[in-house]
Amino acid sequence: MKTNIAVIQMDIAFGDPEENRKQARKKIEKAAADGSQIIVLPELWTTGYDLSRFETIAETLDGPTHDLLRDLAAYHQVTILGSIAERDGSQFYNTLVTYDETGARVSSYRKAHLFRLMNEEKYLHSGNEKGNFQIADVPFAGVICYDIRFPEWMRTHMLDGSRALFVVAEWPKPRIDHWRNLLVSRAIENQCFVIACNRVGKDPDNTFGGHSLVIDPWGKVVAEAGGHEEILHASIDFSDVDAIRKQIPIFQDRRPGLYE
């Protein structure tokens, strides 16, 4: 059975959660009206990388963004995911949240690998838990941007049979070739779909590259966005993963004892 995916490649108003929630609502409602069943937002879509102001603009996981995504997911009966600036006491995280079609939050993954080139380690704490979750009994995994440069972390997420790897990002334009090549590699080596949402636009220090992607388990690009705001659509069958993993059984042929 095909699942309709919408990847919302959007610009982000720097440090303005209210404006970003307003824009995201419009785009989510449009994607839902177009028949999308899973809707993906980019990394830190509520704030951008305004890290020095997280004390003011970050929120708890039960804050206004939770209310928005819960209500939209339940009303439109869709799955929605994207990462936000999370406050937990005195600590801050870059956290990927996923809401299922009932409005329940089914995962909250804190970015494991903090990106020094954008000063994350100065303001954020890293997470220590995997980003696995299930939608309608189908296993998936979700990670954030810099995480994809660590193939051992991606493989760890795939060992439970996950059918797709969702990636949300603010990947800068100068390294957009790395983005594309890394994502294709993650799809091939894990025999999974990769559904990757990158932002576009600029902040005070960076220009972002877009080129959100949907890639199949053979590494074929199913759909690719350009460098401007758009909603990228794809229709994929997650059961394709099973046939490919049977054809080339890399997970059965692994020798983990050699890899330590």
Side-chain angles (χ1 to χ4, degrees), residues 1-13 16-48 57-88 93-110 131-144 162-170 193 195-200 212 214 223 225 229-238:
M1 179 182 295
K2 296 275 190 178
T3 299
N4 297 324
I5 310 291
V7 179
I8 295 179
Q9 181 170 283
M10 61 183 283
D11 197 355
I12 297 170
D16 191 344
E18 185 175 352
E19 177 62 21
N20 290 317
R21 283 191 291 268
K22 177 182 175 182
Q23 295 304 318
R25 174 189 285 274
K26 293 178 183 178
K27 296 176 190 300
I28 290 168
E29 288 176 340
K30 184 178 188 310
D34 289 340
S36 302
Q37 296 160 283
I38 299 177
I39 299 172
V40 190
L41 294 158
E43 178 183 17
L44 293 178
W45 64 270
T46 55
T47 60
I57 61 178
E59 61 186 285
T60 70
L61 290 187
D62 293 320
T65 300
H66 161 76
D67 295 341
L68 174 70
L69 297 183
R70 175 199 61 200
D71 294 347
L72 287 173
Y75 181 79
H76 294 288
Q77 296 184 316
V78 296
T79 294
I80 307 172
L81 62 157
S83 97
I84 66 168
E86 180 200 353
R87 173 199 291 274
D88 185 1
Y93 298 89
N94 182 346
T95 302
L96 174 60
V97 291
T98 304
Y99 291 80
D100 71 11
E101 62 183 11
T102 72
R105 187 172 62 238
V106 296
S107 74
S108 55
Y109 165 76
R110 291 169 168 171
N132 293 94
F133 61 95
Q134 289 196 353
I135 298 294
D137 297 325
V138 179
F140 297 114
V143 297
I144 303 173
S162 289
R163 300 299 193 269
L165 178 69
F166 290 88
V167 182
V168 301
E170 292 201 31
F193 285 96
I195 299 160
C197 182
N198 193 25
R199 71 161 288 186
V200 292
S212 298
V214 178
E229 282 199 312
E230 65 179 282
I231 300 177
L232 180 69
H233 292 279
S235 184
I236 59 178
D237 189 339
F238 291 116

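Nothing fancy with the numbering, it's 1 onward along the sequence.
Judged by distance alone, the side chain of N20 and the main-chain N or O of I12 form no donor-acceptor pair under 3.5 Å. Checking side-chain atoms of T95 against main-chain N and O of S108 turns up no donor-acceptor pair under 3.5 Å. With hydrogens and angles ignored, the 3.5 Å screen pairs no side-chain donor or acceptor of Q9 with any backbone N or O of E230.
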Next item on the list: Check the pair S36, N4 against side-chain hydrogen bond (donor to acceptor under 3.5 Å, both in side chains), reporting the backbone distance first and the verdict last.
Entry: CA-CA 5 Å; S36 302; N4 297 324; over 6 Å; no
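Note that CD1 of I135 is 7.0 Å distant from CD1 of I38, once rounded to the nearest 0.5 Å. Annotation: the span from F166 atom CZ to F133 atom CZ amounts to 5.0 Å, rounded to 0.5 Å. Put simply, CG on D100 and CG on L81 are 11.5 Å apart, with the number rounded to the nearest 0.5 Å. Taken to the nearest 0.5 Å, the CG atom of D88 stands 7.5 Å off from the CG atom of L61. Atoms CD1 and CE, on I28 and M10 in that order, are 8.5 Å from each other to the nearest 0.5 Å. One distance of note links CD1 of I8 with CG of L41; it measures 4.5 Å at 0.5 Å rounding.
Considering only heavy atoms from C-beta on, E18 stays 4.5 Å or farther from K22 through its side chain. Between T3 and V138, the closest side-chain pair of non-hydrogen atoms is not below 4.5 Å.
In summary, of the residues considered (L96, V97, T98), a side-chain contact (heavy atoms from CB on, under 4.5 Å) with S107 occurs for T98 alone.
Closest approach of T47 and P17 over heavy atoms only: CG2-CG, 4.0 Å. Between N132 and S162 the shortest heavy-atom distance is ND2-OG, 3.2 Å.
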Extract all donor-acceptor atom pairs below 3.5 Å that involve side chains of residues 67-78 and protein atoms in other chains or at least two apart in sequence.
none

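R21 and T65 share a side-chain donor-acceptor pair at under 3.5 Å. For the 3.5 Å distance criterion, the side chains of N198 and S212 fail to qualify, holding no donor opposite an acceptor.
Taking the ring axis of F238 as reference, the NZ or CZ atom of R163 does not stay both within 45° of it and closer than 6.0 Å to the ring centre.
For E229 and K30, the salt-bridge test fails: no basic side-chain N is under 4.0 Å from an acidic carboxylate O. A salt bridge links E29 to R25: at least one charged side-chain nitrogen sits closer than 4.0 Å to a carboxylate oxygen.
Scored by the side-chain contact (heavy atoms from CB on, under 4.5 Å) test, D62 finds T60, H66, R105 as partners (sequence neighbours excluded). Applying the side-chain hydrogen bond (donor to acceptor under 3.5 Å, both in side chains) rule to S83 yields the partners N94; only residues at least two apart in sequence or on another chain are considered.
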